[in-house]
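To start, the structure itself, in structure tokens.
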There are 2 protein chains.
Amino acid sequence: MYSIHMIPGIRMTAPSQLSALTTRNTRLFTLLLERELKKTGLRSGQLPVLQALQDGKILNQKALADFADIEQPGMTTLLARMERDGLIQREPDPTDRRSTLVTLTPDGQRKSRNIVPVMEHLTNTALKGFTPLERDILVTLLERITSSLKSQL
Amino acid sequence: MYSIHMIPGIRMTAPSQLSALTTRNTRLFTLLLERELKKTGLRSGQLPVLQALQDGKILNQKALADFADIEQPGMTTLLARMERDGLIQREPDPTDRRSTLVTLTPDGQRKSRNIVPVMEHLTNTALKGFTPLERDILVTLLERITSSLKSQL
DNA sequence: ATGGAATACATAACATGTTATGTATTGAGA
DNA sequence: TCTCAATACATAACATGTTATGTATTCCAT
């Protein structure tokens, strides 16, 4: 499958600080992402919503929360900020009066087109020097962790 | 905690989900960690402070912020909550009137003894099925990412 | 010795997320 | 049909983190 010879800098020490490492990487990545997005008027938390609503798609808030993998109240407040900033539009669902349908505004659509190049650039920065094999190994290991953690929920 | 999710249109097969994977793992790990810590009366953000002040060590707020790798205002508010909750004590540094010296209270010391087993258990959960080699590969790759991202700051 | 830069901390405003809880609407079974 | 559970959303309270900014103190170069 994969071999230690292909991983430079291998140390054989205990990953006692695994969570610190992933947390640090997440915060660093988000920090750099926010810097890039600042030029486009977007924030990192908005990206899943913009992605989910691309191509004129219409979703209610529950579907957006599921897609973004956050709780419903978090999505409610996020969408309130995005509506305030003119990125999305909310209107009542005519078929279900509990539900609110969300769409991108033209400005939201326009700004969301900047996301892909920004994410590509940052991902390449994070994985600088990684061989394709190393990328695959990393993703495989991370997916196994996700699976293990989700099984504990 | 910010949330970076899968962005469409990135063609690289697997690593396009890198930030989504690490972010999801971080949130999942933190969620499970908070559940465990709830029994001990601690919160996840407090752990670096408790660790840094173990064995009666005395540090000022700047040193704690550096250790925890967060900004100074974040540490100030964190320490205010921890002081409110009786985990730490703050007193003026007699040798530098700008500085505040922080120590653990007896209760903080007592509660902090629960951290290591909790973290070990959760880390083993996250890395369930990993061989020692796979653990080291993972840590090595994550550290390379940290290094690449930090070089962009 | 002193004046200006650097340092340590605090505060405000905010984004992002979590629980807990309340309200209105919908749906489903007796 | 009617009641009761489930669903969708909102709100409150909070933790954790970020910038931006202000204040007080200390350090250093002249």
Side-chain angles (χ1 to χ4, degrees), chain A residues 19-20 23-35 37-38 41-49 59-85 87 90-102 153, chain B residues 1-5 19 23-24 26-35 37-38 41-49 59-85 87-88 90-102 153:
Chain A
S19 68
T23 300
R24 173 179 210 118
N25 279 345
T26 299
R27 282 229 317 279
L28 278 170
F29 194 95
T30 303
L31 193 66
L32 295 172
L33 178 60
E34 291 273 0
R35 283 189 191 172
L37 289 178
K38 200 163 201 172
L42 297 176
R43 303 295 300 261
S44 60
Q46 301 167 348
L47 301 194
V49 174
L59 295 174
N60 66 23
Q61 304 193 176
K62 176 60 162 61
L64 287 171
D66 289 344
F67 182 85
D69 198 28
I70 64 175
E71 302 301 320
Q72 168 261 317
M75 182 53 69
T76 292
T77 59
L78 170 61
L79 290 174
R81 290 191 300 273
M82 292 181 73
E83 190 174 40
R84 176 201 65 190
D85 297 341
L87 295 172
R90 286 194 283 189
E91 44 189 336
D93 183 342
T95 76
D96 186 340
R97 285 192 293 171
R98 296 169 301 178
S99 187
T100 303
L101 298 180
V102 186
L153 293 180
Chain B
M1 193 82 37
Y2 298 90
S3 176
I4 316 301
H5 293 267
S19 66
T23 300
R24 167 167 217 133
T26 297
R27 282 231 318 280
L28 279 171
F29 195 96
T30 302
L31 194 66
L32 295 172
L33 178 59
E34 292 273 0
R35 283 189 192 174
L37 289 178
K38 200 163 203 173
L42 297 177
R43 304 294 303 258
S44 60
Q46 303 167 346
L47 301 194
V49 174
L59 295 175
N60 65 23
Q61 304 193 179
K62 176 61 162 58
L64 286 170
D66 289 344
F67 181 85
D69 198 28
I70 64 175
E71 300 302 320
Q72 169 262 315
M75 182 53 70
T76 292
T77 58
L78 170 61
L79 291 174
R81 290 191 299 272
M82 292 180 73
E83 190 173 40
R84 176 201 64 190
D85 297 341
L87 295 171
I88 57 127
R90 287 194 283 190
E91 45 189 335
D93 183 342
T95 75
D96 185 341
R97 285 191 294 170
R98 297 169 299 179
S99 186
T100 303
L101 298 180
V102 185
L153 293 180

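Every chain is numbered from 1, with letters handed out A, B, ... down the list of sequences.
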In whole angstrom, what separates Arg27(B)'s CZ from dA15(D)'s C1'? 15 Å
Glu71(B) meets the side-chain hydrogen bond (donor to acceptor under 3.5 Å, both in side chains) criterion, sequence neighbours left out, with none
Length of the line joining Leu33(B):CG and dA15(D):P, which is rounded to integer Å: 16 Å
Counterpart residues, salt bridge (charged side-chain N to carboxylate O under 4.0 Å, His left out), relative to Asp93(B) (two or more places apart): none
Are a donor atom and an acceptor atom from the side chains of Thr30(A) and Glu34(A) found within less than 3.5 Å of each other? no
Rounded distance in Å - CG (Leu101(A)) to P (dT25(C)): 16 Å
Atom pair distance, as rounded to whole Å: CZ in Phe29(A) and P in dT18(D): 17 Å
Let me know the distance between NZ of Lys38(B) and P of dT18(C), rounded to the nearest Å. 14 Å
Kindly write out the residues that satisfy side-chain hydrogen bond (donor to acceptor under 3.5 Å, both in side chains) with Arg90(B), not counting sequence neighbours, or none if the list is empty. Gln61(B), Glu83(B)
Is there a side-chain polar atom (N or O) of Arg81(B) under 4.0 Å from OP1 or OP2 of dT16(D)? yes
Give me the residues of residues 90-98 of chain B where at least one heavy atom lies under 4.0 Å from an atom of DNA chain D, by number, or none. Asp96(B), Arg97(B), Arg98(B)
Nearest-angstrom distance from the residue atom CG of Leu32(A) to C1' of dT18(D): 14 Å
Please confirm whether the shortest side-chain N or O distance from Ser99(B) to OP1 or OP2 of dT25(D) is below 4.0 Å. no
Between C1' of dT7(D) and CG of Leu59(A), the distance in whole Å: 17 Å
With Asp85(A), which residues qualify under salt bridge (charged side-chain N to carboxylate O under 4.0 Å, His left out), at least two apart? none
Which residue lies toward the 5' end of DNA chain D, Gly45(B) or Arg35(A), if each is placed at its nearest nucleotide? Gly45(B)
Testing the basics here: between Gly45(A) and Leu78(A), what is the closest heavy-atom pair and its distance to 0.1 Å? O-CD2, 3.4 Å
Under the side-chain contact (heavy atoms from CB on, under 4.5 Å) test, residues paired with Arg35(B) that sit two or more places apart: Leu153(A), Leu31(B), Leu32(B)
Expected list for residues 60-80 of chain B near DNA chain C, using heavy atoms below 4.0 Å, is Asn60(B), Gln61(B), Lys62(B), Gln72(B), Pro73(B), Thr76(B)
Round to a whole Å and report the spacing from CG of Leu37(B) to C1' of dT16(D). 14 Å
Who passes side-chain hydrogen bond (donor to acceptor under 3.5 Å, both in side chains) against Asp96(A), sequence neighbours left out? Arg98(A)
For Asp69(B), which residues count as a side-chain hydrogen bond (donor to acceptor under 3.5 Å, both in side chains) partner, sequence neighbours excluded? Arg24(A)
Under 4.0 angstrom, heavy atoms only, what part of the nucleic acid is Arg84(A) near: base, sugar-phosphate, or nothing? sugar-phosphate
